[in-house]
There are 2 protein chains.
Amino acid sequence: MRISTRTRYGMRLMVNLAANFKNGYSFLKDVAKSEGISQKYLSLIVIPLKAAGMLTTSRGVHGGYILSKNPSKITAREIVEALEGDLSLVECSRDEKYCIKSKNCATQDIWFGLSEKIAEFLNSFNLEELVKIQIKKKSESNDYSI
Amino acid sequence: MRISTRTRYGMRLMVNLAANFKNGYSFLKDVAKSEGISQKYLSLIVIPLKAAGMLTTSRGVHGGYILSKNPSKITAREIVEALEGDLSLVECSRDEKYCIKSKNCATQDIWFGLSEKIAEFLNSFNLEELVKIQIKKKSESNDYSI
DNA sequence: TACTTATACTATTAATTCAGTAGTATATTA
DNA sequence: TAATATACTACTGAATTAATAGTATAAGTA
């Protein structure tokens, strides 16, 4: 049970865009460089984020990416869901169609309950807060790089 | 981010053994049959559970598997940790060794925090409770099968 | 002792997923 | 029309997953 590199990169990308939200569009090239991630790979990660309505894009010389909403309106949950698919840890549902044992399966309670907890926790982070955390961490670690 | 079949099967195996705890050793054959899981596959899943000290085994004609501890003393967390490896969602640690950006990475807070929440939640289930839940579900669904 | 039965161990495999690279197409601006 | 940035499609090597298969070993029994 690991978070994929894809999702981790996507989260960093989004925090990065949130930090630069007020400056308008960002080039993927720049995000990739400052995060130390392959631009090509990021250009794939960006697709589901755009599809989920979190990113607005512009092509051409002065193009780039920008968050479609205010950073405070975008949660970690939305980002993970866009990149990782839905957050349920198991395929089976309480619907008996998927598993004959559904109606008397105690272990389902664990997996469903856990899925909910995860969604709840991720929902408690928004990009504005994450940027604040990052700024605080940077100042505490005396790291003044961009 | 899915729970592996291995872990799901292992959890069902453990709940099954917990339900039969008072009857002594269970044959894997019987567990496999009542859970509808390949016996061969279960015989592999059992190994890390035994290694983690949760199962006591006996070979030969009257052999089988039995929980090493009272069901109330075994948590879902132990089981998942034995089967899934450790519960941290990311490899990086706050130790800068693993990632140069550790000191100013806000997204780490999400992954570490989430890992803790997951461990906490899984820790709140023990096998005795799970058996009770299962019995309750069975009676509510009018399913009297073993 | 030989037979049966159940666990223990080791190897193999097909299918899928992951992390990334590569190349081309398209839109926008200068 | 040249330059630049995103958009799209395809491919690939490595790792993981969900099994299956076969053999070895231990324990009780005829």
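Any value given below was found using the heavy atoms of this structure, including those in side chains, with hydrogens, waters and symmetry copies removed. Residue numbers begin at 1 in each chain, while the letters A, B, ... track the order of the sequences. Bear in mind that the values here come from a model prediction, so they are computed numbers and not experimental data.
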Peer 1: Nearest-Å distance, CZ (B:F27) to C1' (C:dT4)?
Peer 2: 12 Å
Peer 1: Can any side-chain N or O of A:K117 pair as donor or acceptor with the backbone N or O of B:F121 at less than 3.5 Å?
Peer 2: no
Peer 1: Got a sec, which residues hit salt bridge (Lys or Arg N to Asp or Glu O under 4.0 Å) with B:E129, two or more places apart in sequence or on another chain?
Peer 2: none
Peer 1: Please, which pairs that meet salt bridge (charged side-chain N to carboxylate O under 4.0 Å, His left out) have at least one residue in residues 37-48 of chain B, sequence neighbours excluded?
Peer 2: none
Peer 1: With side chains defined as the heavy atoms from C-beta onward, is the minimum distance between A:L130 and A:N126 less than 4.5 Å?
Peer 2: no
Peer 1: Per the ring pair (Phe, Tyr, Trp, His ring centres under 6.0 Å) rule, what does the pair list look like for residues 2-24 of chain A, sequence neighbours excluded?
Peer 2: A:Y9-A:Y41
Peer 1: Can you pull the contact range of chain B along DNA chain D, 5' to 3', using atoms under 4.0 angstrom from its heavy atoms?
Peer 2: D:dA18 to D:dT29
Peer 1: Can you give me every donor-acceptor pair (side chain of residues 67-74 of chain A, partner residue at least two apart or in another chain, under 3.5 Å) with its distance?
Peer 2:
from: A:S68; atom 1: OG; to: A:G53; atom 2: O; distance (Å): 3.4
from: A:S68; atom 1: OG; to: A:M54; atom 2: O; distance (Å): 3.4
from: A:S68; atom 1: OG; to: A:L55; atom 2: N; distance (Å): 3.2
from: A:S68; atom 1: OG; to: A:L55; atom 2: O; distance (Å): 3.2
from: A:S68; atom 1: OG; to: A:T56; atom 2: N; distance (Å): 3.2
from: A:S68; atom 1: OG; to: A:T56; atom 2: OG1; distance (Å): 2.9
from: A:K69; atom 1: NZ; to: A:E78; atom 2: OE1; distance (Å): 3.1
from: A:N70; atom 1: OD1; to: A:S72; atom 2: N; distance (Å): 3.1
from: A:N70; atom 1: OD1; to: A:S72; atom 2: OG; distance (Å): 3.0

Peer 1: Sequence neighbours excluded, which residues qualify as salt bridge (Lys or Arg N to Asp or Glu O under 4.0 Å) partners of B:R12?
Peer 2: B:E35
Peer 1: Tabulate below the donor-acceptor pairs under 3.5 Å that side-chain atoms of residues 82-90 of chain B make, not counting sequence neighbours, or state none.
Peer 2:
from: B:E84; atom 1: OE1; to: B:S4; atom 2: OG; distance (Å): 3.2
from: B:E84; atom 1: OE1; to: B:T7; atom 2: OG1; distance (Å): 2.2
from: B:E84; atom 1: OE2; to: A:M1; atom 2: N; distance (Å): 3.2
from: B:D86; atom 1: OD1; to: A:R2; atom 2: NH2; distance (Å): 2.7
from: B:D86; atom 1: OD2; to: B:S88; atom 2: N; distance (Å): 3.4
from: B:D86; atom 1: OD2; to: B:S88; atom 2: OG; distance (Å): 2.7

Peer 1: Locate the shortest heavy-atom distance separating B:R6 from B:I45; write the atom from each residue and the value.
Peer 2: O-CD1, 3.8 Å
Peer 1: Under 3.5 Å, is there a donor on one side chain and an acceptor on the other for A:S34 and A:N16?
Peer 2: yes
Peer 1: Mind listing the N/O atom pairs, protein and nucleotides 25-30 of chain C, below 3.5 Å?
Peer 2:
from: C:dT26; atom 1: O2; to: A:R59; atom 2: NH1; distance (Å): 3.1
from: C:dA27; atom 1: O4'; to: A:R59; atom 2: NH1; distance (Å): 2.6

Peer 1: How long is the line joining CG of B:L17 and P of C:dT7, in whole Å?
Peer 2: 11 Å
Peer 1: With nearest nucleotide decided by heavy atoms, which residue, A:K40 or A:T7, maps closer to the 5′ end of DNA chain C?
Peer 2: A:T7
Peer 1: How would nucleotides 11-18 of chain C be written as a contact map, 5' to 3', with B for base contact, S for sugar-phosphate-only contact and - for no contact, using protein heavy atoms under 4.0 Å?
Peer 2: --------
Peer 1: Hey, are the side chains of A:R77 and A:V80 touching, using non-hydrogen atoms and a 4.5 Å cut-off?
Peer 2: no
Peer 1: Quantified as the angle between the terminal helix axes (five pairs each), what is the overall bend of the helix from C:dT1-D:dA30 to C:dA30-D:dT1 to 10 degrees?
Peer 2: 0°
Peer 1: Please, which pairs that meet ring pair (Phe, Tyr, Trp, His ring centres under 6.0 Å) have at least one residue in residues 53-84 of chain B, sequence neighbours excluded?
Peer 2: none
Peer 1: Which is true for B:Y9 with a 4.0 Å heavy-atom rule: it touches a base, it touches only sugar-phosphate, or it touches nothing?
Peer 2: sugar-phosphate
Peer 1: Measure from CG on A:L42 to C1' on C:dA19 and round the result to the nearest Å.
Peer 2: 12 Å
Peer 1: With sequence neighbours excluded, what pairs up with A:R59 under the salt bridge (Lys or Arg N to Asp or Glu O under 4.0 Å) test?
Peer 2: none
Peer 1: Rounded to the Å, how far apart are A:R2 CZ and C:dA19 P?
Peer 2: 12 Å
